[in-house]
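Every number for a ligand or one of its atoms is a count from 1 in the order of the listing. Starting from 1, each residue takes its place in the sequence as its number.
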Amino acid sequence: MLPHDRLEWVEGWGRSLGAAGYVYRPSTVEGVRQVLALARELGVPVVPRGAGRSYGDAAFHPESVVLDLSRMDRILTWDPGAGVVDVEPGVSFSRLWRFALGDGWWPPVVTGTMTPTLGGGLAMNVHGKNNWHAGTLGEHCLELDLLMPSGELLRVDRENDPELFHGVIGGFGQLGIVVRARFVLKRVASGLVHVEAVSAPDLEEMLRRADEAKEPWEYVVGWIDAFARGRRLGRGLLHFARHLEEGEDPAPAQTLRAETQDLPDTLMGVFPKSVLWRFLKPFTNRPGMRAINALKYRLGSTVGEDARYLQTLAEFSFLLDYVPGWERIYLPGGLIQLQSFVPVDGAERVFAAQLEMCRTAGLPSYLAVLKRHRPDPFLLTHGLDGFSLALDFPVTSGNRERLWKLVREMAEPVVEAGGRFYPAKDAALPGELFRATFRNGELERFAALKERWDPDGLLRSALAERLL
Ligand SMILES: Cc1cc2nc3c(=O)[nH]c(=O)nc-3n(C[C@H](O)[C@H](O)[C@H](O)COP(=O)(O)OP(=O)(O)OC[C@H]3O[C@@H](n4cnc5c(N)ncnc54)[C@H](O)[C@@H]3O)c2cc1C
């Protein structure tokens, strides 16, 4: 029997799905081993959890042990000459960049929020706005310590066990627990980036400009007004950025201080950001969001073609942290996202079809984000030579069923085009469509790893049960 006082309601970040679980928060590797041993003895599944920033059901499983690793947040070793760092799995992106920046290093891959842990980031093999250039987080990982379901501790890298290394990274916590990871960070000469903002009147132009920008710029991200239709379908704004070169920043010692990076606590110096989401809530409906999207496009496009400016790394990278707790505007139903990855050739056709499907269903996406990607060597990767479109939807008691149906409809052309989906953002994808995207025996190889390292299926998540 697991103790009742461990029972908590555990949710995905989108807060549309959750389950009760017995939460353990060990602070050492030995503590993790004990939790695994207890679960094994009682025959209860274990779901690893980092900061709980996956949108859907990746980090919970009903009536199971939730192994929350967020207290294992120590930086273990640091070589400021080589930028090589050893971290426990609960170290967040936020902690890492604050720590390393003063020595002139920045995480080579960061997500749109700085709150995820590196353990969770590896389990999902996260990507940033520089995916085309830098690849996924796993590509910058040199070595892992994994605590396997048997209690065995393994040191794994891409040479000594390439199959396990490439399976664990992006294997959504189904093979072993990351208890230490070594990364090599990116050298930066300044805490600032050059940014250019451009607008595009339709989807074709958005994709063309994003593609052209991928060489001269290191970071490329697009926002799409998903309410626009007809010849304006897919219109939006693109932001490109690149790091400053040595000598470009007149005061690098200042800009490389973590304190100068911090996002402001207030908006326009007046409104405390912690309460901002409450002001946004009244606009969280179709007319409100249509107006906000149109206004954003108009303001962005009237700045002109040459909106060029400098931003701190944190300001540019973590746009989604500007309004803390913004996901609460979607309560009580929460939100879901579908992030589809489509090869270059099919991207315009598939994304246009998806935007049309949303319109026909009367379920427009409130936030739509475009990125450019490249393939990577991980077994269950979402990476490919193409684009991704991430579509956010509010969930209500009235639209839930239609929304899940819409996700299925939007996923079908992605499969046909040879695309992929991103489990970190997923909540509603039917398993058969996820599985249909793996055509070269990847799922069978993953199943063989699972059989080898976790034959009793101790590690389980609701997402893995749905998709694998
Ligand atoms: C606002 C927002 C913006 C985002 N932007 C991006 C983005 O730009 N790019 C991107 O790629 N993702 C993005 N994400 C998704 C997010 O980065 C991933 O979901 C990431 O995995 C979350 O990390 P976490 O620590 O919260 O892990 P959780 O969500 O808690 O867990 C994620 C998975 O990792 C497993 N896991 C956690 N820790 C371990 C461990 N130590 N060992 C083994 N398995 C483990 C869990 O079982 C689960 O399957 C964003 C999320 C949010 C909320």
Closest non-hydrogen contact found for M72 with V29 is CE-N, 3.8 Å

At a 4.0 angstrom heavy-atom cut-off, ligand 1 is contacted by W13, P48, R49, G50, A51, G52, R53, S54, Y55, A58, A59, L69, P89, T111, G112, T113, P116, T117, G119, G120, A123, M124, V126, H127, F172, G173, G176, I177, V178, L320, K371, Y422, A424, K425

### Pair T117-V91, side-chain contact (heavy atoms from CB on, under 4.5 Å): steps then yes or no
CA-CA 5 Å; T117 66; V91 169; over 6 Å; no

- Anything under 30° is parallel, anything over 60° is perpendicular, the rest tilted; go ahead and classify F240 against W217. tilted

(Q) Parallel, tilted or perpendicular, judged at 30° and 60°: which one describes the rings of H239 and Y309? (A) perpendicular

Contacts of W326 meeting ring-ring contact (aromatic ring centres under 6.0 Å, His included) (sequence neighbours excluded), chain-then-number -> W13

Original post:
How about E139 and D376: do any of their side-chain heavy atoms sit closer than 4.5 Å?
Top reply: yes

